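Everything numeric here is computed off the predicted structure, so don't read it as measured data. Just so it is clear, the values below take in all heavy atoms, side chains as well, and ignore hydrogens, waters and symmetry mates. A, B, ... follow the sequence lines: proteins, then strands. Residue 1 opens every chain.
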Amino acid sequence: MSDKNNYTDANQSNTIECLNISEKRVGLFVTCLVNTIRPSVGFASITLLEQAGCTVEVPAAQSCCGQPAFNSGDDEGTRQIAYQVIEQFEEFDYVILPSGSCASMIKNNFIEVFKEQPGWQARAQHLADRTHELLSFLVDVCNFKPNGVELDGTFTYHDSCSGYRSLNVYEQPREMLSTVKGLEHKPLNGHSECCGFGGTFCVKYSDISNAIVSEKVENVVAADADYLLGGDMGCLMNIAGKLNREGNQKITALHTAEVLAGLAPKIIGANDAS
Amino acid sequence: MNKQISDMSREKIFSAIQAAKPTITADAKTIEDEALELLKESEFARPQLMSADATEALMLRIDAGLVIGTTCEKISTLDMLPHSVKQFFNKNALPSELKVQSVEPLNKLNWQGITTDIDIVNDNTVGLCWAEYGVAETGSFVAHSGPEMPILLNFLPLYLIAVIPKSKILHYMDDYALIANEMAKKKQTPRNMCLISGVSGTTDIEGVLVKGAHGPEVLHIIIVEDE
Amino acid sequence: MQANKPENFTQNVTDALAQPDLKMIIRRTTDKAEAKRSDAIANFPEFEKARAQGQKVKDHTIKHMEHYLAEFEKNALAQGTIVHWASTAEEASKIVLDICREHKAKKVTRSKSMLGEEIGLTHAFDNSEMERIETDLAEHIIQLAGDPPSHIIWPAMHRSREDVVKLFREFHSDPTYSEEITDLVRSARRDLRTKFLTSDIGISGSNFLLADSGSSCTVTNEGNAELTITPPKVHIVTAGIEKLVPSMAHAIPLLRLLTRSATGADITQYITFHNGPKRKNDADGPEECHIVLVDNGRTKMLAEGMEEMLRCIRCGACMNHCVVYKHIGGHAYGSVYPGPMGSVLTPHLQSLEVANKQTHACTMNGRCEDVCPVNIPLPKLLRSLRAQSWEKKYEPLTNRFVVKFFGVLAKRPQLFQLFSSCSLIFMKAFSRNGWIKYMPFTSGWTRNRDLIEPETTTFMHQYKKMKKSESGGS
Ligand code: SF4
């Protein structure tokens, strides 16, 4: 954590609100990778949020947070997506995403593209203020402690960049995972080093991305754990995809929410079957 | 010809700056106040010193090995200096040859047994310099160029001794900078102000530190309590 | 080694990744730099506050650039320095060469400055009748090897000890036959010593320009700047206009940040403020002193909302901590300034058209901003350059098409869901044992890694079904 510069979180004061969280409506933005590749993360998110006492709704008309357009420099394209996200989600008390990078997109970047539209910028800011990454929300706002979850084995943790650097997600997942019976943490060398995913980066500069993820995989293998956990599907898919390409089937990549919601055994079982 | 290019460029640069949004025109007094505001004590973040006493802090820092290639000692009076210098020769197995900065306090000393006016261009010679200031924060001594201070004296010899009067040892680099700011105001800035903190070193070949890259390899600081 | 061009970035990257020992070569420098920096900061608990102060000093000076430049000029003239202005790199190097020619210089010693490289001084001298002698050890090595620099702090980090042994044996007048690093450094010391003392002109850069005195400041560990500047008759400083600070007291907090961020040291061994030519009775020093103040894109950065980049104190921390730099190295960028700071600077020094690919070669992981001692939001600046490239259509057509296509879907959630469901069917067709090894349109991904097999239907599909059965059941 030596190079972190903002320890203060904009949402520190939320401890007061967590007293009556059940009255708050939570909008879940599942994100496109969870929607297409890993729906179980979406269901795990609902389970955890409900366990934490939230009333969860999933707006049907959702798509993408706009990162591909934003990171490609397509401001107009980003705005088109942002209009739609803002309209869908601004009514909720909280907007939750099971991804640090998508949460950070809404929290930090929407306002960037509305510099010349003060009205929309205000709405984007309003949305940003109530948007959270799932794992940090559960701990920081809901004061949630998982109960009765069991999983035998060891895990190592990859801190995805946006979560770690822009949203201060670090302690929260570790704290929750420490309550899982039978699960033991193994440190990951370079735990907060980028895995080389970077959205469009990993296809645009596939070979650089490959060099980066290869190194990540070396570290993951060296950690010698059964599970690789994280809070962003993009990174997990990237690392898991490289592990598999290298013929390593010993390590299973799971989203932290899947473990905390007790879905891990089912997912592992399904994997084994295939 | 170049004068013309330069003048045109000057105009271009200034008008581009005036046109740019982030810059603002303000009167000199406002700007000066704003600049002083940045130097308010509350703005500063300084590393912790090893002692509240500046001399002690400087010596502790050197003793802890934090100033590359440097050792130090304290003598109570200046006339003990030639003796200390002789010890330095012995320790480093050097011939008793010394290039002494030609400055009043050093000229007055009895250098008996030491050749004092040698050529410093070649290596294996020892230079002796009378420092203007010492800085505890960084374990530095400060040299000012002048009629009596050839700057090269600090750079050519392989061995260097710097003498700092105890009364001139400051706590932080900022303390020295404020003195420099005053000199600038009075238009009395010397040509060179060198803040020297250790010996000439390089890590340019495979990251390995080598001392004595171009200048001194060994630096000995002698603090004089009572000049 | 021929210098790479920024416009050939993609090819440069391929070449770099094909070098088997490149990663080892880079890491032996950057790993150490990272570790030492983090120790230095652990020993300076108020680093954050120092950073805030450093940023404020820079921002204040940038905001009042006009005032401070005029002050600097006035005070430098009062010290007896001759002040020149250059809008472009070409102008700057022409001014320097003309000064040298006026003095009929034969030998010119130079103390490393990135600005000197930026304005093409090295090449200008090599194409002239004058002999250029680099005095920083790393610059000396790359001069002998004919290489461009690969890092702004350690320009010769790509050269091994064996390379140096060969170079020194070939070029030094009294070379060593030892392969010990200490002996190699001594060989350079012997070789350069006479050159320092017989040079006609000494050229340096400047880490800070002090407006209140007209001083320029050099920061080195070797002490080569003072040895370059003092013996010759003429001293020429070249400096970018962003180097200004109000006074020495304002430079100190930045120095504390610079050395810790660059090498992890609390301070460098030599910090010297140079104030014009030799005073009347001075024991040594140059008789004439020139300073060339260079714009070369800096006012353009000011005008184009890139003023935060002008805070840069060239510490190199952003490249030491950049995952991309750490894999491709400095030469791939094809510019004097590599890594994150280079990817922002080069488009302004050259043009966005030639240097836009670099702005995309970033995962936006934010580590550079985290370590930057003056809080430059490098990812934000890179992104805004991408926005400019998008506007100017520098992006390859296929990329534009994919992003546009995805955007069209993303703003129509129903269509998006339909497309997601269809792509699942498509993906399923290519899965074997839970993984996709190859699939059309995803070669960027599957070229180097497998794609995890998705579940049968989308989350939305499953969720709707679940809701329906819940309400049906109640
Ligand atoms: S951008 Fe920041 S980190 Fe990079 S060289 Fe400049 S000051 Fe250092």
Side-chain angles (χ1 to χ4, degrees), chain A residues 2-5 30 32 34-40 42-43 58 60-64 66 68-75 77 80-81 83-84 88 112 161-162 165-166 193-194 196-213 237-238 240-242 244-245 271 274, chain C residues 13-14 17 38 41-42 48 51 321 323-324 327-328 360-367 370-371 375 380 383 385-390 395 399 403-404 406-407 409-414 416-417 420 423-424 433-435 444-445 447-455 457-460 462-464:
Chain A
S2 63
D3 49 50
K4 300 224 49 177
N5 52 17
V30 292
C32 50
V34 168
N35 185 40
T36 40
I37 312 272
R38 196 78 163 217
S40 64
F43 291 106
V58 187
Q62 53 176 279
S63 59
C64 159
F70 184 74
N71 286 338
S72 298
D74 179 6
D75 284 5
Q80 294 295 333
I81 297 168
Y83 291 138
Q84 184 268 115
Q88 279 293 319
E112 284 282 307
C161 299
S162 315
R165 296 203 180 79
S166 332
E193 194 123 318
C194 178
F197 173 64
T200 49
F201 170 82
C202 72
V203 288
K204 223 178 235 173
Y205 286 105
S206 185
D207 293 344
I208 305 178
S209 172
N210 180 45
I212 301 172
V213 73
M237 277 170 61
N238 183 36
K242 187 68 194 172
N244 198 64
R245 175 64 56 97
N271 281 358
S274 70
Chain C
V13 166
T14 309
L17 291 174
S38 90
I41 287 167
E48 272 321 312
R51 208 182 200 179
H321 293 78
V323 276
V324 174
H327 283 281
I328 64 174
H360 287 90
C362 164
T363 67
M364 297 276 155
N365 65 71
R367 188 107 192 264
D370 241 16
V371 297
N375 291 319
K380 189 189 96 182
R383 219 235 26 122
L385 287 168
R386 290 181 187 182
Q388 284 183 35
S389 299
W390 185 271
E395 270 286 83
N399 292 353
V403 172
K404 278 277 169 224
F406 194 75
L409 291 174
K411 64 184 180 202
R412 293 176 187 77
Q414 269 71 29
F416 187 85
Q417 293 298 341
S420 302
S423 58
L424 281 188
N433 300 325
W435 293 94
W445 182 279
R447 176 186 161 95
N448 292 308
R449 38 186 134 30
D450 297 338
L451 188 59
I452 198 162
E453 180 185 353
E455 292 177 26
T457 52
T458 64
F459 170 84
M460 276 305 175
Q462 296 181 32
Y463 180 75
K464 273 186 206 146

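Across A:Val34, A:Asn71, A:Val213, A:Thr200, the residue that shares the most heavy-atom pairs under 4.5 angstrom with chain C is A:Asn71. Top candidate by heavy-atom pairs under 4.5 Å with chain C, chosen from A:Gly77, A:Gly66, A:Ala60, A:Gly199, is A:Ala60. The candidate with the highest count of non-hydrogen atom pairs below 4.5 Å against chain C, out of A:Gly198, A:Ala61, A:Pro39, is A:Pro39. In terms of heavy-atom pairs under 4.5 Å with chain A, the best-connected choice from C:Trp445, C:Tyr463, C:Trp390 is C:Trp390.
Although no hydrogens or angles enter the test, the distance criterion places no donor-acceptor pair under 3.5 Å between the side chain of C:Arg449 and the main chain of A:Arg245. Side-chain atoms of A:Arg165 come within 3.5 Å of backbone N or O of C:Asn365 as a donor-acceptor pair. One N or O on the side chain of C:Asn448 and one on the backbone of A:Ser206 form a donor-acceptor pair closer than 3.5 Å. Checked by atom type and distance alone, the side chain of A:Asn35 pairs as donor or acceptor with a backbone atom of C:Met460 at under 3.5 Å.
Between A:Tyr205 and C:Val324, the closest side-chain pair of non-hydrogen atoms is not below 4.5 Å. Looking at A:Asp74 and C:Glu395, their side chains never come closer than 4.5 Å, going by heavy atoms from C-beta outward. In this structure, A:Asp207 and C:Val13 have side chains that are not in contact, with every pair of non-hydrogen atoms separated by 4.5 Å or more. Residues C:His327 and A:Asn210 have side chains not in contact (no heavy-atom distance under 4.5 Å, counting atoms from C-beta outward).
Proximity to chain A (any heavy atom under 4.5 Å) is restricted, for C:Thr457, to the backbone atoms N, CA, C and O. Looking at C:Phe416, the atoms closer than 4.5 Å to chain A (heavy atoms on both sides) all sit in the side chain, from C-beta outward. Neither the backbone nor the side chain of C:Ser389 comes within contact range of chain A; no heavy atom of the residue lies under 4.5 Å from a heavy atom of that chain. Residue A:Glu112 touches chain C through its side chain alone, counting heavy-atom pairs closer than 4.5 Å. In this structure, the portions of A:Lys242 lying under 4.5 Å from any heavy atom of chain C include both its backbone and its side chain. Heavy atoms closer than 4.5 Å to chain A are found in both the backbone and the side chain of C:Glu455. If you measure heavy-atom distances from A:Ser162 to chain C, you find no contacts under 4.5 Å at all. Both the backbone and the side chain of A:Val58 come within contact range of chain C, with heavy atoms under 4.5 Å apart. With a threshold of 4.5 angstrom between heavy atoms, A:Gln62 approaches chain C through its backbone and through its side chain. In this structure, the portion of C:Gln417 lying under 4.5 Å from any heavy atom of chain A is its side chain and not its backbone. Both the backbone and the side chain of C:Val323 have a heavy atom closer than 4.5 Å to some heavy atom of chain A. Heavy atoms closer than 4.5 Å to chain C are found nowhere in A:Tyr83, neither backbone nor side chain.
Summarising the geometry, atom SG belonging to A:Cys161 is positioned 12.0 Å from atom CE belonging to C:Met364; distances are rounded to the nearest 0.5 Å. Once rounded to the nearest 0.5 Å, the distance linking OG of A:Ser72 with NE2 of C:His360 reads 6.0 Å. Separation of atoms CZ (C:Arg447) and OG (A:Ser209) is listed at 11.0 Å; rounding is to 0.5 Å. With values rounded to the nearest 0.5 angstrom, A:Ser63 atom OG is found 8.5 Å from C:Leu409 atom CG. To the nearest 0.5 Å, the span separating CD1 on A:Ile37 from OG1 on C:Thr458 amounts to 11.5 Å. Summarising the geometry, atom CG belonging to A:Asn238 is positioned 11.5 Å from atom CG belonging to C:Asp450; distances are rounded to the nearest 0.5 Å.
Residues C:Thr363 and A:Cys194 come closest through the heavy atom pair OG1-SG, 3.1 Å. Closest approach of A:Ala69 to C:Val403, counting heavy atoms only: CA-CG1, 3.7 Å. Contact between C:Arg383 and A:Phe70 at its shortest, heavy atoms only, is NH1-O, 2.9 Å.
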Can you list the steps and then say if A:Gln84 with C:Arg412 is a side-chain contact (heavy atoms from CB on, under 4.5 Å)? CA-CA 8 Å; A:Gln84 184 268 115; C:Arg412 293 176 187 77; over 6 Å; no

